[in-house]
Amino acid sequence: MFDHLTDKLELVFKKLRGAGKLTEKNIKDALREVRQALLEADVNYKVARDFVQAVEQKAVGAEVMQSIEPGQQVIKIVHDELVALLGGKAEPLASIDKSPTVYMVCGLQGSGKTTLAAKLGLMAKRKNKKPLLVAADIYRPAAVKQLMVLADQITVEHFYLDGKKPPEICLEAVKYAEKNFIDVVILDTAGRLHIDDEMMTELEIIKARVKPHEILLVADSMTGQDAVNVAREFHQRLNITGVALSKLDGDARGGAALSIRQVTGCPIKLASVGEKLTDLEPFHPDRLATRILGMGDIVTLVEKAEEAIDFKEAERMQEKLLRAQFDFEDFLEQMGQLKKMGPLESLMGMIPGVGKALKGMKVDEKQMERMVAIIKSMTVFERQNPHVIDGSRKKRIAMGSGNSVQAVNQLLKQFFAMQKMIGNMSKKGFKGIPRGMMPF
Ligand SMILES: Nc1nc2c(ncn2[C@@H]2O[C@H](COP(=O)(O)OP(=O)(O)OP(=O)(O)O)[C@@H](O)[C@H]2O)c(=O)[nH]1
Ligand SMILES: [Mg+2]
């Protein structure tokens, strides 16, 4: 279904990756093409516009990771935005423990309701649950028979009351289910060519009387933007709880699938991908996004690089340390990091060989706070050049931070000792560091 879109996006990204260095301009150019590709895939124009805007904001502001190509980073951003567009995480169907869970299946004529009802029945059965298929479409002559044939195919029980109206059939079916230890009741409702008031009213009545736990709208992916409009109208009237996208195996351009969540705000819960009754899958936004981009490997690669970005920062610090350029400014920054990372990942722990020496050592929070207060009372110049701090400055810093001059002296002493030690070590190579020499 998304082949064309995938091909287009692949082309855009190929160009971007060829460009090597990313500039605002080539990001913009690439995103213009992404937008075009989305529109060609019949994605709602507002959705396409917002999508591209979101990607642009993130891509332009993104910290460029050195370990990957910038183009790859943009692919990852597009991927993440696609996942968000499709709803973020997978949303499971409702499942009630004590009473039977009731699913009401609705949608336009021919959208795939009856097929979906049977697929749901089979899915429940495979999870060792007892389903009941309810024929609530009394208007199309062969509809009841169609459901029964499908139910028999999967050996699932079905329910129908001749001569009764759909709301009553549904209500009776739920009563029957309660008495007969049914776990899942699936109501197959009637479709209409277009949304008409009478049909909606009947669905509203069924909803009010039966109080289904899930109201699933079957949206035919092949119908493009129409499917999106239909979903919006159904949602307004019925407050549907989930969308089942049907015919995702078709060769339509996929725009409906990409727009429906954003336009309706309703989660896509199921993907129907064929005529066989086993062709039903829970909908996973990340899987579809990866499929559309056709670039799963790059996404994984960038994820790994993202994990390593803290590590890069640590490396930068380490380099500073080795060149003995480390000052109180860096120290403050590291203190902040330390809080985020937890004690063992501390500054000293980042130096090769030192991690082990730190193991088991407790960092005194109070003492850390005191140090931070003292450093914050220094001017930026003093932080960068601590050797300029003389007696009167020490007094000011002590007063400003609510500490004694002695405490300021002690911190400075430790800091200089550390600088010296690191200087020595960088000549000799790192081995164990005597504990008493640590600034904390
Ligand atoms: N390729 C494909 N065909 C499907 C899918 N789901 C349903 N169909 C086909 O679509 C046609 C209509 O499906 P139904 O389940 O009868 O649709 P319906 O919404 O119940 O139709 P009405 O009851 O007439 O409103 C059938 O030929 C199904 O085989 C799907 O996921 N993929
Ligand atoms: Mg039907």
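For ligands, and for the atoms within them, numbers begin at 1 and follow the listed sequence. Excluded from the calculations below are hydrogen atoms, water molecules and symmetry mates; all remaining heavy atoms, backbone and side chain alike, are included. The shown structure was predicted, so the numbers you read here are calculated from the model rather than taken from an experiment. Start at 1 with the first residue, then count along the sequence.
Distances below 4.0 Å separate heavy atoms of K119 from the following atoms of ligand 1: 31 (O). Residue L108 has at least one heavy-atom neighbour below 4.0 Å for each of these atoms of ligand 1: 19 (O). Near D137, meaning under 4.0 Å from one of its heavy atoms, ligand 1 places the atoms 23 (O).
Put simply, the side chain of H213 gets close to the backbone of V102: a donor and an acceptor are under 3.5 Å apart. At distances below 3.5 Å, at least one donor-acceptor pair connects side-chain atoms of R383 with backbone N or O atoms of M378.
The heavy atom nearest to atom 28 (C) of ligand 1, considering only T115, V273, L270, is found in T115.
The closest approach between D279 and ligand 1 stays at or above 4.0 Å for every heavy atom of the residue. Using a 4.0 Å heavy-atom cutoff, G250 is absent from the residues neighbouring ligand 1.
At a 3.5 angstrom cut-off on N or O pairs, S272 counts as close to ligand 1. For the pair G274 and ligand 1, the shortest N or O to N or O distance falls below 3.5 Å. On a distance-only criterion, Q146 and ligand 1 share at least one N/O pair closer than 3.5 Å. The shortest N/O to N/O separation between A190 and ligand 1 does not fall below 3.5 Å. No N or O atom of L248 sits closer than 3.5 Å to an N or O atom of ligand 1.
Not one N/O/S atom of Q109, from backbone or side chain, sits under 2.8 Å from the Mg ion (ligand 2).
When hydrogens are left out, the protein atom nearest atom 21 (O) of ligand 1 is G110 N, 3.0 Å; that is the closest non-hydrogen contact.
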